[in-house]
2 protein chains.
Amino acid sequence: MRIGELAVASGTTTKTLRFYEEAGLLPAPERTANGYRDYTPAALARLDFVRRGRTAGLTLAQIREILDIRDAGVAPCQHVHALLEAHLGDLDRQIADLQALRHTVAHLHHSATTSDPTKCDTTTVCRYL
Amino acid sequence: MRIGELAVASGTTTKTLRFYEEAGLLPAPERTANGYRDYTPAALARLDFVRRGRTAGLTLAQIREILDIRDAGVAPCQHVHALLEAHLGDLDRQIADLQALRHTVAHLHHSATTSDPTKCDTTTVCRYL
DNA sequence: GTGGACGTTCCAGCGCAGGGGAAGGTCAAG
DNA sequence: CTTGACCTTCCCCTGCGCTGGAACGTCCAC
């Protein structure tokens, strides 16, 4: 399987595939006589896993950790479990932060809606912020 | 006021102040005879505005827009109002996205908690994702 | 033998908001 | 007279996940 075919099959681009190889996510494939990358179907399964990880919001570095564990012959279940737990915590924190920010902005927006613009003070640039 | 003093007074760094000047957020101040930047107290008020904008989650580019309007002698109220409204929409979208992602990750985490790790299939790297 | 669609490498840049550090000038205190 | 704390400009680096482009090789059909 050549790189272009794999790109189509995996829904990525050849650029991304070379980048993933460089980043250690995709093992360097065999080369054909002319130097072209020659992928096995395993690469497609791996890319599918990468895609699922990305969908779950994991970073490439985290996905690589999991792949490295699997490649070392160990089942990455435990690591994945811990990773997902930490990720949940991250998400909760991000959501809480964004909601707090949303409250702040909603307040600002509300005062900007109900206030009298003629009372603006030029020294503070804009009193709505 | 020298740059170091302004940095302390505004709670930023000299690096940031030069960066803001470069980015057009802070007008280039007068220079003393030896070439040092010499800030007026107005710079502090402006930095305070920048800080408030940042706290509200605005980008430096957005803050700059507001400052540019104010510097043009116009009250930026209307622009700020629209900006905040759009920002609210962005935040709502981000929060919704993160919550959807959280649901997905929570599901994955749950199956990783309740599943039997011995059933792992090596071809899919990890069935929890 | 030529065109076009593939493939290869390497280098650069995006957007965001600065940070690091070099190489040098300036000023006050000891 | 020197030390140390400031200041100046300059350019590169960070993280993240790619993307674009140049310059070149290869293969297949016509």
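Below, chain A is the first sequence line, B the second, and so on; all start at residue 1. Any value given below was found using the heavy atoms of this structure, including those in side chains, with hydrogens, waters and symmetry copies removed.
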Taking only side-chain N and O atoms of [X], does any of them lie within less than 4.0 angstrom of OP1 or OP2 on [N]?
X	N	answer
A:T16	D:dT19	yes
B:N34	C:dC27	yes
A:R31	C:dT9	yes
A:R2	C:dA5	no
A:R54	D:dC18	yes
B:T13	C:dG18	no

Give, for atom [atom1] of [X] and atom [atom2] of [Y], the distance between the pair rounded to the nearest 0.5 Å.
X	Y	atom1	atom2	value
B:T12	B:R18	OG1	CZ	10.5 Å
B:L83	B:H87	CG	NE2	8.0 Å
A:R51	A:T55	CZ	OG1	5.5 Å

Between [N] ([atom2]) and [X] ([atom1]): distance, integer Å:
X	N	atom1	atom2	result
A:Q62	D:dG15	CD	P	15 Å
B:I3	C:dG19	CD1	C1'	14 Å
B:Y39	D:dT8	OH	P	7 Å
B:L6	D:dT8	CG	P	11 Å
B:E22	D:dC11	CD	C1'	12 Å
B:L25	C:dG18	CG	P	9 Å
B:L17	D:dC6	CG	P	15 Å
A:R51	D:dG17	CZ	P	16 Å

With sugar-phosphate meaning primed atoms plus P, OP1 and OP2, does B:R37 contact a base, only sugar-phosphate, or nothing at under 4.0 Å between heavy atoms? sugar-phosphate
Return the 5'-most residue of the pair B:K15, B:E5 with respect to DNA chain D, ranking by each residue's nearest nucleotide. B:E5
DNA chain D nearest-nucleotide lookup for A:F19 and A:Y36: closer to the 5′ end is A:F19
Of B:L60 and A:G4, the one whose closest DNA chain C nucleotide lies more 5': A:G4
Minimum side-chain heavy-atom gap B:E65-B:H79 below 4.5 Å: yes
Hey, does the side chain of A:R54 reach the backbone of A:L58 with a donor-acceptor pair shorter than 3.5 angstrom? yes
